[in-house]
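Because the structure is a prediction, the values reported are computed rather than measured. Order of the sequence lines fixes the chain letters, A, B, ..., with proteins taken first and strands second; residue numbering starts at 1 for each chain.
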Amino acid sequence: MNIFRLAGDMTHLVSVLVLLLKIHTIKSCAGISLKTQELYALVFTTRYLDLFTDYISLYNTVMKLIFLGSSFSIVWYIRRHKIVRRSYDKDQDTFRHYFIVLPCLVLALLIHHKFTFKEVMWTFSLYLEAVAILPQLVLLQRTRNIDNLTGQYVFLLGAYRALYILNWIYRHYTEPHYVHWITWIAGIVQTLLYADFFYYYFQSWKNNVKLQLPA
Amino acid sequence: EKDEATKDEL
């Protein structure tokens, strides 16, 4: 464990807890894409298949349970909670799941480390996580209003993967392990997807104006 | 031959 990875995990943890807390306290999911949340639940499910088979550390297991629990809770709130679901803007959140899931699945079947179920699922989760934010970014473009909790959520989500890239650089130079090129590429693509959001987020923060994404 | 990392990552 190095400081970059710990900072990355904590940033990721805060991002999902901020979102869960927002939905739980104000009982609203305005501006949140259910599609992206469902994709994240799928990412964690396919990423953590080894949850009960390979014990790595208490930290690892606890964090996996938190990520699984929080992502499914968020999906449950938006889908089932009698108050929260009313604030879900399903007419705007229309990104088709299969436009993202199918290409990632095909890519994982074509490009992977080993052709085993767990390995292909793990690779699928890497590709899926890289693009799972797209429905949320599309929704933000459409609704154009970004309340600052949603802005913070997306910012923290992007920051966590950027910190992971620093972690992979650190591990590459300091550990006898190697970071596979698939992990590098999926992580870099994911961070680049946030890059334009980061630009507008910093602009609004610097000029102290409300965050507006160009149409 | 290095063995692969990142499987201990989240």
_Sub-4.5 Å heavy-atom contacts with chain B: which residues of residues 61-74 of chain A show up?_
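Within residues 61-74 of chain A, the residues that come under 4.5 Å of chain B (heavy atoms only) are M63(A), K64(A), F67(A).
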_Heavy-atom proximity to chain B below 4.5 Å, by part of N167(A)_ =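 The answer is the side chain of N167(A).
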_Please classify the contact between D9(A) and chain B as side chain, backbone, both or neither, with a heavy-atom cut-off of under 4.5 Å._
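D9(A) touches chain B through side-chain heavy atoms alone.
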[X] atom [atom1]: more than 12 heavy-atom contacts under 6.0 Å:
| X | atom1 | value |
| --- | --- | --- |
| W76(A) | CH2 | yes |
| H97(A) | NE2 | yes |
| F198(A) | CZ | yes |
| Y55(A) | OH | yes |

*Could you state the interatomic distance from OH (Y59(A)) to CG (L10(B)), rounded to the nearest 0.5 Å?*
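Separation between the atoms: 5.5 Å.
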*Roughly how far apart are D54(A) CG and D8(B) CG, rounded to 0.5 Å?*
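It comes to 11.5 Å.
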*asked:* Applying the side-chain contact (heavy atoms from CB on, under 4.5 Å) criterion to K7(B), which one of E119(A), H180(A), K118(A) satisfies it?
replied: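 Between K7(B) and the candidates, side-chain contact (heavy atoms from CB on, under 4.5 Å) is satisfied uniquely by E119(A).
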*Salt-bridge criterion met for R47(A) and E9(B) (N-O under 4.0 Å)*: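 The answer is no: the pair does not qualify as a salt bridge.
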